[in-house]
Engineer: 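Got a structure for you, written out below as structure tokens; questions coming shortly.
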Amino acid sequence: MKIGIVCYPTFGGSGVVATELGKALADNGHHVHFITYNQPARLDFFSENLFYHEVAVSKYPLFDYPPYELALASRMVDVVRFEQLDVLHVHYAIPHASAAFMAKQILATYGIHIPVITTLHGTDITLVGNDRTYKPVVTFSINQSDGVTAVSQHLKDDTYRFFEITRDIKVIYNFIDLKRFSLKPRDHFKKAIAPNGEKILVHTSNFRKVKRTQDVVRMFAKINAVIPSKLLMVGDGQERPECEQLCRDLGVGDNVRFLGKQDAVEEILSISDLFMMPSESESFGLAALEAMACKVPVISSNAGGLPELNIEGETGFLRDIGDVDGMAERAIYILQDDARLLQFKENALARAKLFDLALILPQYENYYRQIIEESKAKQSS
Ligand code: GMT
């Protein structure tokens with residue numbers, strides 16, 4: 001198939017899923033065309049089946065707000081026409097699904113009928129989409145897509161709850177490439193971080209408010225008072241300065257390292273004992289899946305789709321949003337007994353294997369084929 005992928009080319013979860021999906025599809029022999037405003041972060045190598053089409057937005061002085069959505073729609077029209085794509089797969093509803101709708105209408109005037117699949121990732125529905133400013137456009141563009149997927153059952157349910165949706169949504173979970181995300185022996189690195197055999201806790205995110213990164217620090221302060229431990233904070237974003245200050249206020253600064261954005265996150269996860277994700281909202285929790293694939297159990301909130309990934313008492317524990325005491329208590333329970341910790345680590349990997357790329361990729365391929373067939377049938381009827 002010839003597949004167009006539209007996504008945010010950043011370190012955000014939707015961009016990562018879209019890029020990894022595109023790479024896997026290309027490995028399987030499909031031609032994949034990325035249409036984005038920057039080269040996606042993980043697309044920094046050559047493959048004969050991968051193509052990148054940049055969306056350039058002109059900055060005419062009259063434009064206080066450069067019309068990115070129009071530039072994107074025009075680029076989609078261009079790429080679909082000249083590369084003869086079979087399907088457009090857009091990740092994140094805003095503004096990709098509405099731009100795709102516009103592109104689809106324009107292409108119809110050339111006699112080209114391109115099916116559009118929209119994948120909902122989370123904040124496009126739970127935060128941004130539910131904002132009244134965007135609600136009519138999001139509702140319309142979901143309903144007008146030829147196919148819609150959501151990354152968890154919870155996100156699917158939320159979409160029906162928040163919007164007037166008149167069509168089916170298929171759940172296709174986030175996936176993990178176990179060849180990349182697996183436990184790697186990095187003893188020298190572990191010794192440098194925890195020279196006295198301290199337990200290593202880790203958090204990775206984009207440090208947005210929704211991630212409740214200050215809860216991570218508060219939790220760590222409680223754990224650290226009982227268990228010799230270190231905390232690695234990976235990523236960057238608006239909440240980082242507050243977290244750094246909180247570490248000083250709570251007197252744990254010497255045991256916490258802020259590592260900033262990291263490409264080889266699997267190496268950091270490989271030396272970690274426990275992953276913390278106390279998010280306010282989390283449609284699936286890809287970062288937690290990455291940790292589990294590296295044999296790291298998870299202490300998380302029970303927000304959104306997290307209970308579909310993290311299993312209470314098996315791969316970790318889940319507590320209510322903001323229950324820092326409860327999460328810290330459960331973390332200590334896992335960490336204070338080495339045999340128990342080992343069992344949780346094994347369970348985390350076993351669970352991660354259920355989301356193996358090899359299992360999820362065919363679900364996308366089959367869905368593309370189904371939607372392409374349905375679209376053809378509609379045209380000929
Ligand atoms: O929250 C992020 O880190 C970014 C965000 C996005 O849309 O780019 O991630 C969302 O999509 C991921 C991939 O599908 C999910 O695993 C995350 O749970 C989801 N984040 C939230 O719902 C807050």
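Just so you know, ligand 1 is whichever comes first in the structure, and atom 1 is the first atom listed for that ligand. What you see is a predicted model; the values in this text were computed from it and never measured.
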Engineer: Measure from NZ or CZ of Arg186 to the centre of the six-membered ring of Phe189 and say whether it is under 6.0 Å with the direction within 45° of the ring axis.
Structural biologist: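 No cation-pi geometry.
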Engineer: Would you tell me which option among Glu280, Glu282, His121, Glu290 has the nearest heavy-atom contact to atom 10 (C) of ligand 1?
Structural biologist: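 Minimum heavy-atom distance to atom 10 (C) of ligand 1 goes to His121.
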Engineer: Under 4.0 Å from any heavy atom of Asn206, which atoms of ligand 1 are there?
Structural biologist: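 Here the atoms of ligand 1 in question are 2 (C), 3 (O), 4 (C).
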Engineer: With salt bridge (Lys or Arg N to Asp or Glu O under 4.0 Å) as the test, would you mind laying out the steps for Lys211 and Glu282 before giving the verdict?
Structural biologist: CA-CA 8 Å; Lys211 301 292 178 182; Glu282 200 68 61; 3.1 Å; yes
Engineer: Is any side-chain heavy atom of Thr213 less than 4.5 Å from a side-chain heavy atom of Arg240?
Structural biologist: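 No, their side chains stay 4.5 Å or more apart.
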Engineer: Testing the basics here: between Thr149 and Ile172, what is the closest heavy-atom pair and its distance to 0.1 Å?
Structural biologist: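 In terms of heavy atoms, the two residues are closest at CG2-CD1, 4.1 Å.
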Engineer: Near Thr123, which atoms of ligand 1 are under 4.0 Å from a heavy atom of that residue?
Structural biologist: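 Taking each heavy atom of Thr123 in turn, ligand 1 has 7 (O), 23 (C) under 4.0 Å.
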Engineer: Heavy-atom contacts with Ser283 under 4.0 Å: which atoms of ligand 1 show up? List them by number with element.
Structural biologist: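 Taking each heavy atom of Ser283 in turn, ligand 1 has 15 (C), 17 (C), 18 (O), 19 (C), 21 (C), 22 (O) under 4.0 Å.
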Engineer: Evaluate the side chain to side chain contact (heavy atoms under 4.5 Å, CB included) criterion for residues Thr204 and Ile268: first the C-alpha distance (whole Å), next the side-chain angles of each, then the deciding distance (0.1 Å), finally the verdict.
Structural biologist: CA-CA 10 Å; Thr204 67; Ile268 298 163; 5.9 Å; no
Engineer: What about Phe317 and Phe275, same hydrophobic cluster or not, with Ile/Leu/Val/Met/Phe/Trp/Tyr joined at side-chain heavy-atom distances under 4.5 Å?
Structural biologist: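 Different hydrophobic clusters.
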Engineer: What part of Val151, side chain, backbone, both or neither, has a heavy atom within less than 4.0 angstrom of ligand 1?
Structural biologist: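 For Val151, only side-chain atoms sit under 4.0 Å from ligand 1.
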Engineer: Atoms of ligand 1 less than 4.0 Å from Leu286 heavy atoms?
Structural biologist: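 Listed by number with element: 16 (O).
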Engineer: Is the contact between Tyr92 and ligand 1 made by the side chain, the backbone, both, or neither, using heavy atoms and a 4.0 Å cut-off?
Structural biologist: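 The answer is the side chain.
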Engineer: List the atom of Leu25, the atom of Ile5, and the distance in Å for their closest heavy-atom pair.
Structural biologist: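 So the minimum-distance heavy-atom pair works out to CD1-CD1, 4.4 Å.
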Engineer: Does Lys211 have a heavy atom less than 4.0 Å from any atom of ligand 1?
Structural biologist: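 Distance cut 4.0 Å: Lys211 passes for ligand 1.
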Engineer: Just to be sure I'm reading this right: ignoring hydrogens, which of Ala288, Ser281, Ala287, Gly122 gets closest to atom 23 (C) of ligand 1? Compare them by their nearest heavy atoms.
Structural biologist: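 That would be Ser281.
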Engineer: So, regarding Val17 and ligand 1 (criterion: nitrogen or oxygen to nitrogen or oxygen, under 3.5 Å), is there a contact or not?
Structural biologist: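 In this structure, Val17 places no N or O atom under 3.5 Å from an N or O of ligand 1.
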Engineer: Test your reading of the structure: does Val210 have an N or O sitting under 3.5 Å from an N or O of ligand 1?
Structural biologist: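 In fact, backbone or side chain, Val210 has no N or O that close.
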Engineer: Looking only at N/O atoms, are Thr126 and ligand 1 under 3.5 Å apart anywhere?
Structural biologist: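 Between Thr126 and ligand 1 (N or O atoms, distance only) the closest approach is not under 3.5 Å.
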Engineer: Could you please spell out the steps behind the side chain to side chain contact (heavy atoms under 4.5 Å, CB included) verdict for His154 and Asp158?
Structural biologist: CA-CA 6 Å; His154 191 276; Asp158 269 355; 3.4 Å; yes
Engineer: Short list, please: which atoms of ligand 1 are under 4.0 Å from a heavy atom of Phe284?
Structural biologist: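 Counting from 1, the qualifying ligand atoms are 16 (O), 18 (O).
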Engineer: Below 4.0 angstrom from a heavy atom of Arg208, which ligand 1 atoms are there? Numbered from 1 as shown, please.
Structural biologist: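 Listed by number with element: 1 (O), 2 (C), 3 (O), 4 (C), 5 (C).
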Engineer: Side chains of Phe284 and His121: does their closest heavy-atom pair fall under 4.5 Å?
Structural biologist: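 They are not in side-chain contact.
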